[in-house]
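Atoms within each ligand, like the ligands themselves, are counted from 1 in listed order. All residue numbers refer to positions in the sequence shown, counting from 1.
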Amino acid sequence: MADQFILTKHEGHVAILTLNRPDVLNALNIPLMDELITTFEKLDNDPSVHCFVLTGNAKAFAAGADIKEMAEASVVDMYERNNLARWERIKKVRKPIIAAVSGFCLGGGCELAMHCDMIVAGEGAQFGQPEINIGVIPGAGGTQRLGKAAGKFRAMELILTGRFFNAAEALEIGLATKVVPDDVYLEEAVALAQKIAKNSPMAVRFAKEAVLKAFESPLSEGLDYERKMFYMLFGTEDQKEGMAAFVEKRKPEFKGK
Ligand code: DAK
């Protein structure tokens with residue numbers, strides 16, 4: 001059923017997607033993930049959307065993958081479900097995604113936030129990769145992405161103990177982009193998205209792609225990639241408009257062309 005687990009709202013060029021399984025702290029079951037992917041992919045191809053905000057509710061961004069859905073699964077069941085393919089599709093969203101986090105952001109929920117490009121957290125947010133406490137390990141990139149953000153030694157401690165950590169620590173280790181009072185976490189994330197949405201959509205998408213490249217390739221390859229994308233932007237009307245506006249001392253009007 002459409003719009004059951006993901007609520008969508010548009011504010012100008014920003015699409016706000018809300019995870020909607022409040023009774024189970026937004027535990028990420030397969031139907032929710034499928035709806036999330038379909039919504040992302042549809043709006044990623046909609047030129048009126050420039051930036052996403054992904055959020056939950058005050059109590060939970062998401063408390064992880066749905067434990068009840070996988071508790072009795074066999075290796076074959078897990079293999080057949082091919083869940084990683086779902087996460088790969090989120091990774092491929094080209095427009096920036098800002099996670100607006102309040103409350104619990106655990107396990108697969110924390111991994112979902114780490115699939116986003118920025119994390120705005122309310123000061124009461126609780127992060128963690130507690131999978132070790134239920135006999136598994138992170139399965140959607142947590143062992144890799146938390147290490148990239150926090151470094152080996154802190155990631156090791158967090159993943160091997162499964163302890164929760166607060167928003168201040170998330171900021172300190174470079175996981176949160178920004179920590180704000182709890183009552184404005186969504187507002188602040190949307191304000192950040194609006195700021196990004198004003199820029200040339202092509203340049204924003206190229207910038208996201210180039211920054212992500214740094215985490216997947218050696219420096220020389222990343223620099224080469226950046227250079228090519230930089231040159232390519234000179235084929236857009238937005239580059240001409242942006243630079244003309246600077247010279248003429250006015251605000252640019254980007255068209256995404
Ligand atoms: N799954 C299913 N239900 C959950 C849940 C979860 N992760 N988290 C909470 N709930 C449900 C609870 O069962 C409860 O439901 P009822 O009993 O009322 O029916 C309801 O949400 C409210 O939860 P609590 O009563 O527990 O609320 P509290 O405030 O007392 O505690 C809590 C909040 C967040 C501390 C606690 O709920 C908790 O510890 N939750 C589990 C946290 C956790 O261990 N998360 C990691 C799950 S494992 C993969 C990709 C990713 C993953 C796996 C595979 N592939 C690509 C293959 C990810 C794995 C995980 O995330």
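Within the structure, the closest approach of Lys59 to ligand 1 falls below 4.0 Å when heavy atoms are considered. Taking 4.0 Å as the cut-off, Asp23 counts as a neighbour of ligand 1 on heavy-atom distance.
Heavy atoms of Glu111 found under 4.0 angstrom from ligand 1 belong exclusively to the side chain. Only side-chain heavy atoms of Met70 come within less than 4.0 Å of ligand 1; its backbone N, CA, C and O stay farther off. Contact annotation for Pro130 and ligand 1: only side-chain heavy atoms (C-beta onward) come within less than 4.0 Å of the ligand. At a heavy-atom distance under 4.0 Å, atoms from both the backbone and the side chain of Ala65 approach ligand 1.
For Lys92, the side chain to side chain donor-acceptor pair (under 3.5 Å) test picks out no residue, with sequence neighbours left out. Qualifying side chain to side chain donor-acceptor pair (under 3.5 Å) partners for Asp46, counting only residues two or more places apart in sequence or in other chains: Ser48.
For ligand 1, one of its N or O atoms has an N or O atom of Ile67 under 3.5 Å away. At least one N or O atom of Gly108, backbone or side chain, sits closer than 3.5 Å to an N or O atom of ligand 1. At under 3.5 Å, a nitrogen or oxygen of Lys68, whether backbone or side chain, sits near a nitrogen or oxygen of ligand 1. Looking at ligand 1, you won't find any N or O of Leu106 less than 3.5 Å from one of its N or O atoms. At under 3.5 Å, not a single nitrogen or oxygen of Met78, backbone or side chain, sits near a nitrogen or oxygen of ligand 1.
Within the 4.0 angstrom cut-off, atom 24 (P) of ligand 1 has no protein heavy-atom neighbours. Distance screen at 4.0 Å: atom 1 (N) of ligand 1 has a protein heavy-atom neighbour inside the cut-off. Within the 4.0 Å cut-off (strictly below), a protein heavy atom is located near atom 58 (C) of ligand 1. Contact annotation for atom 21 (O) of ligand 1: protein present (non-hydrogen atoms, distance under 4.0 Å). Within 4.0 Å of atom 44 (O) of ligand 1, at least one protein heavy atom is present. Under the 4.0 Å distance rule, the nearest protein heavy atom to atom 30 (O) of ligand 1 falls outside the cut-off. Under the 4.0 Å distance rule, the nearest protein heavy atom to atom 37 (O) of ligand 1 falls inside the cut-off.
Distances below 4.0 Å separate heavy atoms of Trp87 from the following atoms of ligand 1: 50 (C), 56 (C). Annotation for ligand 1: atoms under 4.0 Å from non-hydrogen atoms of Asn83 are 55 (N), 56 (C), 57 (C). Each of the atoms 46 (C), 61 (O) of ligand 1 lies under 4.0 Å from some heavy atom of Gly107.
Trp87 and Ile30 are not part of a single hydrophobic cluster, where members link through side-chain heavy atoms under 4.5 Å apart.
In terms of protein heavy atoms, atom 54 (C) of ligand 1 is closest to Gly139 CA, 4.3 Å. Scanning the protein heavy atoms around atom 10 (N) of ligand 1, the nearest turns out to be Val24 O, 3.7 Å. Here the protein heavy atom with the shortest distance to atom 39 (O) of ligand 1 is Phe164 CZ, 4.7 Å. Summary of contacts: the protein heavy atom closest to atom 50 (C) of ligand 1 is Ala140 CB, 3.5 Å. Atom 8 (N) of ligand 1 has as its closest protein heavy atom Ala63 CB, 3.6 Å.
Annotation: cation-pi geometry satisfied between Lys213 and Tyr225 (NZ/CZ under 6.0 angstrom from ring centroid, within 45° of ring axis).
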Practice task
I would like to know whether Glu216 and Lys91 meet salt bridge (Lys or Arg N to Asp or Glu O under 4.0 Å); could you show each step before the answer?
Solution key: CA-CA 13 Å; Glu216 310 241 352; Lys91 191 181 143 197; 3.6 Å; yes

